[in-house]
Structures are given as structure tokens and as C-alpha cells.
Amino acid sequence: MKLRIAPSPTGFLHIGNARTALFNWLYARANNGTFLVRIDDTDTLRSSDEYIKDIIQNFKWLGIDWDEGIEVGGPHGEYKQSLRFDRYREIAESLVAKDLAYEDEGAIRFKVPNENSVTFEDITRGSMKFELADVEDFIILRSDKSPTYHLASTVDDIDYEITTIARGEDILSSTPKHILLMQALNADVPTFCHLPLLFGPDGKKLSKRHGDTSVNSFKEKGLLPEALFNYMCLLGWAPGDDLEIFSKDFAIEKFDLNKVLPNPAIFDTTKLLWMNGQYIRNIEKDDFIESALLTIESNLDRELFEKEIYRLNKIMPSVQERLETLNDLIPQVKFLLDEPFYINEEDWNSVNTPEGQEYLSSIREKFKTLNEFSLTNIENLMRDELKAKELKPKVGFQIARVSITGTKISPPLFESIYALGKEGTLARLAETIENL
RNA sequence: GGCCCCGUCGUCCAGAGGCCUAGGACGCUGGGUUUUCAACCCAGAAACGCCGGUUCGAAUCCGGUCGGGGCUGCCA
């Protein structure tokens, strides 16, 4: 069994293509088959090396690898259609010679018989039948001698011995043309599978009009490749038992093209975001810290200082529990960075009370003489002082939170103070008290 | 217009004639926990597009209808 994905490098890899690649990959891996990636760049004007690079890079990022094709090589050259124009031209001319195609204003059209019909079994759609009277003679070689998609794709699928073609439903109506070509070339017709399309929230084919749907954009939003992989699996397929979060190996073990739904799925990022949060929480603590620090550095566009890393390390376990994407990090940990510090005025006004101010002053004094600035000591000190002043937790803790983190929304208070350290905490308290 | 595909909660999926007073997840609403925000726990609202037929029995099979979508390029 041999499957393929044949992206056209006319744009960055988008989520629809990634999902088609994923299903092909899963099916190949599930059946010990071969997975091939080739580049369908017959549209030389719109194709670019930048896009080829992007496609390769993002397949890898998602954990999709291939056994044959672009970059990894194989018995058929470089797996780029732009390098095989001679081959396609030769085929087109041979078809003309056999009277199966003819010239038309410089281009070559395939001669479609007016009678009969083409039938085939589609894995997701069952028996398909197209009347040939509805199929026009289609161009296989343009007047500039470059091949059209129909020719190049079909010739490649034959030459590379593809056994199962799983592609988007948008090409379903072109399939009779491809089968006709294969028969004209005396090739075996592979098994077809037309996967449901991915729609945008408006119920139309996912495209640029739905905003940036490139895999890149999700990477930049701080999504984990594992989460995106998992989420894409669920668009048109489920492994059973209502299981939704699962590993790559589990997906491979359970995957079957026969079980893919025929109806289109709307790509809605809400659940993807939730799933990403689940994955973030499941990362090993140390691995999380490592990627968190990298993300912060890239968002800050600078390297972190030793002291910052020291502080961040302390807060990370708490932060890991409250992230949806890696990009949500900065607002949570900003108060620990050597960056300009501001107190949100609105937040401050909503927590500022005379009792609260007194509380701030007294914990400041107590902190000054606290020898071991440990988490438990901090908590005990702050709770004791609350009791001594007979204040509700909210009154004392919220004003302390705003004073120290700058906002009402932050990681847990004691952890935040502990992470900031004694000096930092005293400085923040001093600053707010003096500005009262 | 023509050809084709599709139709279960707002969304993703379960359901392959009786297990369905239709299940899970996200989201939403209410509650619990709580110093904030999350996380977590509990509860709730929420769907078989419609009409016929087959059958003792249909979300499941058939027909029609309506609705949505795709293709209809010397793009793929």
C-alpha cells in the first residue's frame, strides 16, 4: 500500500492540506504502507521555494514523516513536477499519436468519449458513477507545453505506483478525468478516497477569507504540534469509546479511512485551544519550563537574564496550570521580568481601601525582618497579619496582589511573592505605599 | 443553470433496525472549591431538517423534498 500527499507550493501549508496529509500518513502507518510527499508545482508562476520549505518544515513540525519524496529522495528523482515537464509532454504527445488526444489552439486536449460512464468505488463515498457526456474534453498540456494538474498528477501517481489516493472532496468531480487518463495509459486504477472538506465558521471551504489558516499561524499562536495533530484527527474521525485525547501511536493503531465521515467539518479553534491547554498541563515540568523560557525569549525578542530565569523557574508550576497557549505566558509572568512595571489603575482603584493600605504597610515591615523567605513563611506571615487586623482575605490579599503583580489577575499570590523574592517584593510594596 | 457530494446538540464526534426517554467532548448557564484568574468537581439547557414508504419496530434502510457545499479554468 502506498499513499501520497501532493501539495502545491502556491502558499504556506494550510490546515486543510495538513489534515489531508495527516489522514494519508495515518493510513499508511496503520497498514505498514509507504507514505510519499511530492510537490505539485505545475503552476510555475505561483509556486515558490519558500512555500516548499514551509510545507516540508510544517509537516515535520506536526510529526508527519515520509518514506519517499521531496528531500528524502527515492527511486524517482526529486519528486517535483516542475522537473518532469519532459515526461508529461512525452505522454501527452503519445496520446495524440494514439488519437486519444488532440491539439487545440496550441494546447492538447484529452478526447473524452461521449458515451458510457466511469464508475469507481470511493472509500468514503461508496459507488460513484459519472456520465461521460458531462465531462468535457479537458486540457492536459497547455499551449506553453506545461502540463495541467490532471496530467501531471495522474502520470506521477502511475509512475510512483500510488495504490490509494486520498484527497479532498473538491477533486471528486475531476476523478473521472484521472481514471480516463489512467486507462488510456494502460495503468492500474488506484483506490480513491475523497475526504470531506474543512469549512470555516461560515460553512464554506476553508480558505484565506477565513483569516490566516496556515499551520504557521497556529505555531505562532503558541500551539503545541501534538495538540494540533490530535485535534485534526478528530475532524471527520474518532477512534471510538468517546476518546478524544490520545497519542500518535494510538491514532495509528485505530485509524481506518473506511471510518472517516463523508460530511464536512467546520474548523473551530475553541476546542483546539482547550485541547492545547490539556496538552500544556500534561508536559513534564522540566520540558515545560524549557519551552516556556524559549517562548518568553522569542516574545520579548531578547535573552533572559539569570535572575529572571531564577524567578521564572519558581512560578512556572503555577503558570503551567493556567495556560491555553504558550503565548499566554507573558501577561502572567511579566511582573517577574526586568521590564517596565506598571500597576493597572482600574484594578488598583477597585482594591484600594484604607484597611488594605494599612495591611500593605504592616506586611512590608514584617517582610523586612523575615529571615527565610520561603513559601510557607510568606503565607503564614500574611495570614497572621490578616487575623491580627481582622481583615477578610479578599481585602488584604487583593491589594497585595495588585501591588506586587500590577493586576488583579495573576498566578497564586504567595507563589508570586516567593518567585519575586524578598528584595523585589519589598521594592514593589515600598513603591505603592509611597505613591499612596 | 448542469453534474456531484453532504445533512445527529451552536461546534466536533458516538450511534451500522430494537441497548436511544439519543451518549461523550468543547462552548454556554447555574452551583461547589477559592485571595484573583485558571484548573478541578457537580448540575443544567441544547440535536436525529422535513414528508412519505419498508418494518412488529427507524436517527439508523428506501424515495422525495428542503437546506448546505463542491466542481463547472490553458488553478490545484
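Values below: every heavy atom of this structure, side chains too, minus hydrogens, waters and symmetry copies. Keep in mind the model is a prediction, meaning the values are calculated, not measured. Letters A, B, ... are given to chains in the order of the sequence lines, protein chains preceding strands, and every chain is numbered from 1.
- G44(B) and C50(B) are spaced 29 Å apart, taking the C1' atom of each and rounding to whole Å.
- Within 4.0 Å (heavy atoms only), Glu136(A) reaches no atom of the nucleic acid at all.
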| What string of B, S and - do you get for nucleotides 5-19 of chain B, 5' to 3', when a contact is any protein heavy atom under 4.0 Å? | SSSS--SBSS-----
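- Distance, Phe110(A) CZ to C74(B) C1': 17 Å, rounded to whole Å.
- Using modelled atom types, one finds a donor on one side chain and an acceptor on the other under 3.5 Å when comparing Lys219(A) with Asn58(A).
- Annotation: G15(B) and A22(B) have their C1' atoms spaced 8 Å apart (nearest Å).
- No donor-acceptor pair under 3.5 Å is formed between the side chain of Tyr51(A) and the backbone N or O of Ser8(A).
- Using C1' as the reference atom, C40(B) and U34(B) are 11 Å apart when rounded to the nearest Å.
- Remark: the separation of the C1' atoms in A76(B) and C71(B) is 12 Å, to the nearest Å.
- Nucleotide A39(B) is matched to nothing when pairs are restricted to Watson-Crick or G-U wobble geometry with both distances under 3.5 angstrom.
- Side-chain rings of Tyr149(A) and His178(A) approach one another, their centers coming within less than 6.0 Å.
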| query | Just by protein heavy atoms under 4.0 Å, how would nucleotides 35-42 of chain B read 5' to 3' in B, S and -? | reply | BBBBSS--
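- Ile140(A) has its CD1 atom 17 Å from the P atom of G73(B), to the nearest Å.
- Of the C1' atoms belonging to C9(B) and A45(B), the separation is 10 Å, rounded to the nearest Å.
- Of all nucleotides present, only U65(B) satisfies the Watson-Crick or G-U wobble test against G49(B), with each distance under 3.5 Å.
- Rounded to an integer number of Å, the gap from NZ of Lys177(A) to C1' of C71(B) is 8 Å.
- Searching all strands for a Watson-Crick or G-U wobble partner of G44(B) with both distances below 3.5 Å returns C28(B).
- Judged by distance alone, the side chain of Asn230(A) and the main-chain N or O of Glu244(A) form a donor-acceptor pair under 3.5 Å.
- Checked against a 6.0 Å centroid threshold, the rings of Phe367(A) and Phe373(A) count as neighbours.
- The nearest whole Å value for the distance from the CG atom in Asp134(A) to the C1' atom in G70(B) is 15 Å.
- Asp202(A) has its CG atom 8 Å from the P atom of G69(B), to the nearest Å.
- Atoms CG (Asp170(A)) and C1' (G70(B)) sit 7 Å apart, rounded to a whole Å.
- Using P as the reference atom, C61(B) and A14(B) are 14 Å apart when rounded to the nearest Å.
- Straight-line distance between the C1' atoms of G68(B) and G73(B): roughly 24 Å, to the nearest whole Å.
- Of all nucleotides present, only C13(B) satisfies the Watson-Crick or G-U wobble test against G23(B), with each distance under 3.5 Å.
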| message | I'd like to compare against my own output: the B/S/- annotation of nucleotides 45-50 of chain B with a strict under-4.0 Å heavy-atom distance to protein. | response | ------
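- Atom OH of Tyr102(A) is separated from atom P of C74(B) by 11 Å (rounded to the nearest Å).
- Using the six-membered ring where Trp is involved, Phe229(A) and Trp25(A) have ring planes that are perpendicular, over 60° apart on the 30 and 60° scheme.
- Between Phe255(A) and Phe23(A), the ring planes are tilted. Angles from 30° to 60° get that label.
- For G1(B), the paired base is U72(B) (Watson-Crick or G-U wobble, both distances below 3.5 Å).
- At a cut-off of 3.5 angstrom, counting only N and O atoms as typed in the model, there is no donor on one side facing an acceptor on the other between the side-chain of Thr148(A) and the base of C74(B).
- Between Lys204(A) and G70(B) there is no side-chain polar atom (N or O) within less than 4.0 angstrom of OP1 or OP2.
- In this structure, U34(B) makes no Watson-Crick or G-U wobble pair, since no nucleotide meets both defining distances under 3.5 angstrom.
- Distance OG/Ser410(A) to CZ/Phe335(A): 6.0 Å, rounded to 0.5 Å.
- The CZ atom of Phe199(A) sits 13 Å away from the C1' atom of C71(B) (whole-angstrom rounding).
- There is a side-chain donor-acceptor pair under 3.5 Å between Arg167(A) and Thr175(A).
- Backbone-only engagement by Thr42(A) is indicated by non-hydrogen atom pairs under 4.0 Å involving sugar-phosphate atoms exclusively.
- Checked against a 6.0 Å centroid threshold, the rings of Phe130(A) and Phe192(A) do not count as neighbours.
- Across the P atoms, U36(B) and A25(B) are found 27 Å apart, a figure rounded to whole Å.
- No side-chain heavy atom of Glu103(A) sits less than 4.5 Å from a side-chain heavy atom of Val96(A).
- At a threshold of 4.5 Å between non-hydrogen side-chain atoms, the residues Phe341(A) and Arg428(A) count as touching.
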